[in-house]
Amino acid sequence: MSRICELTGKGRQVGCNVSHANNKTKRVFLPNLQNVTLMSESLERSFKFRVSTQGLRSVEHNGGLDNWLLKASDTKLSPRALKVKRELKKKQAA
């Protein structure tokens, strides 16, 4: 399972450990991913996502899952999140 946030697309970053003697060794910074269940108000059901904690704060700041998905670009979203976004657009059109 890849370490990528399903809503924001945030993934791993590469950097260096730097010792006191200024030796540099490669290391990986992983996002803090959590398994969460987010409720869609317009679809009246819940969805499970693997989201970074920063992404979860962004969803809450934007007023919930529905608002976040409608504002987010399709390139950052996972296939499961894109499916939910299409359902939301279909529900709004009806």
Side-chain angles (χ1 to χ4, degrees):
M1 194 177 233
S2 62
R3 303 282 295 176
I4 296 176
C5 177
E6 291 189 85
L7 297 181
T8 61
K10 179 183 275 196
R12 70 183 195 139
Q13 291 182 321
V14 178
C16 291
N17 281 331
V18 181
S19 69
H20 184 67
N22 206 25
N23 299 330
K24 295 172 182 72
T25 56
K26 284 280 197 174
R27 64 156 297 178
V28 174
F29 296 94
L30 296 174
N32 183 8
L33 297 179
Q34 306 293 324
N35 294 318
V36 295
T37 303
L38 297 172
M39 185 71 184
S40 171
E41 294 167 1
S42 62
L43 297 176
E44 297 177 350
R45 55 183 282 227
S46 58
F47 298 94
K48 287 188 177 183
F49 290 112
R50 196 158 188 230
V51 183
S52 64
T53 53
Q54 187 62 46
L56 192 57
R57 289 182 63 189
S58 298
V59 168
E60 294 299 320
H61 180 75
N62 281 299
L65 180 65
D66 298 343
N67 291 339
W68 170 261
L69 287 175
L70 293 174
K71 289 180 184 178
S73 66
D74 292 351
T75 56
K76 293 183 178 182
L77 297 175
S78 70
R80 288 187 343 169
L82 279 172
K83 186 177 177 183
V84 176
K85 184 175 181 177
R86 282 193 297 270
E87 287 181 37
L88 281 170
K89 285 187 177 180
K90 189 185 293 184
K91 178 87 173 189
Q92 277 189 338

Under 4.5 Å between any side-chain heavy atoms of Lys85 and Leu77, yes or no?
yes
Using a 3.5 Å distance criterion without hydrogens, assess whether the side chain of Arg80 forms a donor-acceptor pair with backbone atoms of Phe47.
no
How long is the gap from CD on Glu6 to CG on Leu82, to the nearest 0.5 Å?
10.5 Å
Counting only N and O atoms by type, is there a donor-acceptor contact under 3.5 Å from the side chain of Lys10 to the main-chain atoms of Gln54?
no
Would you check if Arg50 and Ile4 make a side-chain contact, meaning some heavy-atom pair closer than 4.5 Å?
no
Could you tell me the separation between the CG atom of Asn23 and the SG atom of Cys16, rounded to the nearest 0.5 Å?
11.0 Å
May I ask you to test the Val18-Lys24 pair for a side-chain heavy-atom distance under 4.5 Å?
yes
Just wondering, do Thr53 and Gln34 contact through their side chains at under 4.5 Å, heavy atoms?
yes
Non-hydrogen side-chain atoms of Ser52 and Thr8 separated by less than 4.5 Å:
yes
Taking every non-hydrogen atom, the tightest pair across Thr37 and Ser46
CG2-CB, 3.5 Å
In the hydrophobic clustering that connects Ile, Leu, Val, Met, Phe, Trp and Tyr at side-chain heavy-atom distances below 4.5 Å, which members other than Val28 occupy its cluster, ordered by chain and number?
Leu30
Looking at Arg12, I want to see if its CZ is surrounded by more than 12 non-hydrogen atoms of other residues, nucleotides or ligands under 6.0 Å.
no
For Leu88 and Ser40 the tightest heavy-atom approach is CD2-OG, 3.8 Å
Out of curiosity, Arg27 CZ to Gln13 CD, how far, rounded to the nearest 0.5 Å?
10.5 Å
Side-chain contact, heavy-atom cut-off 4.5 Å: Leu69 with Leu7?
yes
For Trp68, is there any backbone N or O sitting under 3.5 Å from a side-chain donor or acceptor partner on Asn62?
no
Can you tell me how far CE of Met39 sits from CZ of Arg45, rounded to the nearest 0.5 angstrom?
9.5 Å
Is Val51 close to Val59 at the side-chain level, that is, under 4.5 Å between some pair of heavy atoms?
no
How close do Phe49 and Leu38 get, heavy atom to heavy atom, and via which atoms?
CD1-CD1, 4.0 Å
